[in-house]
Amino acid sequence: MAVARDRLALASIALAAGSYGGAVSAAYYAMLNAARAALSEEDRYAKTHSGTWTLFRETFISTERFDGDLVTQAVRALELRIGADYDAERLERDQAEHAVAFAARFVAAIEALYPD
């Protein structure tokens with residue numbers, strides 16, 4: 001979870017600096033790392049991004065332990081990240097704000113599942 005929190009902080013910094021693609025990328029990785037941390041608590045692991053989301057849905061969404069809308073937003077952030085990182089698409093501030101806000105909700109929801 002420490003990596004997820006670090007990525008979330010980086011997303012906020014990138015957003016404030018006007019690096020919208022960077023903000024979305026960091027927000028996505030905050031969610032991915034939080035999902036992987038939650039899965040590790042269940043002794044479940046995936047090697048790929050898509051494998052992580054599939055396993056996460058199976059473990060947490062189908063059992064109604066986690067809000068499925070947050071996972072949907074994570075996958076949308078992945079699509080934006082891919083566009084920005086690989087296709088040189090320019091992202092708008094509102095897209096980045098939305099991704100960072102959902103990442104914060106996602107990370108907080110994982111922390112609520114496994115409080116320290």
Side-chain angles (χ1 to χ4, degrees):
M1 280 304 296
V3 174
R5 289 183 200 105
D6 287 348
R7 291 291 181 123
L8 186 57
L10 182 59
S12 295
I13 292 166
L15 179 62
S19 176
Y20 305 135
V24 168
S25 182
Y28 168 74
Y29 278 106
M31 292 183 278
L32 180 69
N33 285 298
R36 286 180 169 164
L39 286 168
S40 74
E41 290 292 327
E42 303 292 320
D43 202 28
R44 303 196 80 188
Y45 305 91
K47 293 181 181 181
T48 65
H49 292 233
S50 63
T52 297
W53 295 119
T54 298
L55 194 56
F56 190 87
R57 282 185 188 100
E58 181 182 299
T59 305
F60 296 101
I61 305 304
S62 67
T63 60
E64 299 181 1
R65 294 171 59 195
F66 198 82
D67 181 357
D69 183 54
L70 292 176
V71 175
T72 299
Q73 295 301 320
V75 172
R76 286 187 185 147
L78 170 59
E79 293 166 4
L80 288 174
R81 182 195 71 81
I82 288 171
D85 287 352
Y86 298 111
D87 299 330
E89 292 177 11
R90 293 189 55 88
L91 301 180
E92 301 295 325
R93 181 176 185 85
D94 64 324
Q95 292 172 301
E97 288 173 342
H98 185 74
V100 173
F102 266 99
R105 283 184 53 204
F106 191 100
V107 170
I110 296 293
E111 290 174 329
L113 279 176
Y114 301 100
D116 291 335

* Asked: Considering all heavy atoms of both residues, which atom of A35 and which atom of T52 are nearest to each other, and what is their separation?
  -> CB-CG2, 4.1 Å
* Give the minimum heavy-atom separation between A27 and A103, together with the two atoms involved. => O-CB, 3.5 Å
* Asked: When hydrophobic residues are tied together by side-chain contacts of less than 4.5 Å, even through go-betweens, does M1 share a cluster with L113?
  -> yes
* To do: Would you indicate whether the side-chain heavy atoms of N33 and R5 approach each other to under 4.5 Å?
  => no
* To do: Could you tell me how the ring of F56 sits relative to the ring of F106: parallel (under 30°), tilted (30 to 60°) or perpendicular (over 60°)?
  => tilted
* Looking only at heavy atoms, which two atoms of A96 and L15 are closest? And how far apart? -> CB-CD1, 3.7 Å
* Is D87 reaching over with its side chain to a backbone N or O of E89, donor-acceptor style, under 3.5 angstrom? -> no
* Would a hydrophobic clustering, with Ile, Leu, Val, Met, Phe, Trp and Tyr connected at side-chain separations under 4.5 Å, put L91 with Y86? -> no
* Asked: Do the side chain of T63 and the main chain of T59 share a donor and acceptor less than 3.5 angstrom apart?
  -> yes
* To do: Report yes if the side chains of M31 and Q73 come closer than 4.5 Å at any heavy-atom pair, otherwise no.
  => no
* **4.5 Å side-chain heavy-atom contact, L55 and Y45** => no
* Asked: Same cluster for V107 and L10 if Ile/Leu/Val/Met/Phe/Trp/Tyr side chains link at under 4.5 Å?
  -> no
* Which heavy atom of A23 sits nearest a heavy atom of A14, and at what distance? -> N-CB, 3.5 Å
* Asked: For H49 and R36, what are the C-alpha separation, side-chain angles and deciding distance, and is it a side-chain contact (heavy atoms from CB on, under 4.5 Å)?
  -> CA-CA 10 Å; H49 292 233; R36 286 180 169 164; 4.2 Å; yes
* Which atom pair, heavy atoms only, marks the closest approach of D67 to D69? -> OD1-N, 2.9 Å
* Joint hydrophobic cluster, L8 plus L78, side-chain heavy atoms closer than 4.5 Å -> yes
* To do: State whether the side chain of T54 and the backbone N or O of G51 hold a donor-acceptor pair below 3.5 Å, judged by distance alone.
  => no
* Asked: Once the angle between the rings of Y28 and W53 is folded into 0 to 90°, is it parallel (under 30°), tilted (30 to 60°) or perpendicular (over 60°)?
  -> tilted
* **Verdict with supporting geometry, E97 and Y20, side-chain contact (heavy atoms from CB on, under 4.5 Å)** => CA-CA 8 Å; E97 288 173 342; Y20 305 135; over 6 Å; no
* **Student check: side-chain heavy atoms of E58 and R44 closer than 4.5 Å** => yes
* Would you mind reporting whether I110 and F66 have side-chain heavy atoms less than 4.5 Å apart? => yes
* Is V100 linked to F102 within one hydrophobic cluster, defined over Ile, Leu, Val, Met, Phe, Trp and Tyr using a side-chain heavy-atom separation of less than 4.5 Å? -> no
* Looking at A34 and A4, what are the two nearest heavy atoms and their distance? -> N-CB, 3.6 Å
* Asked: Do L32 and R7 touch side chain to side chain, with heavy atoms closer than 4.5 Å?
  -> no
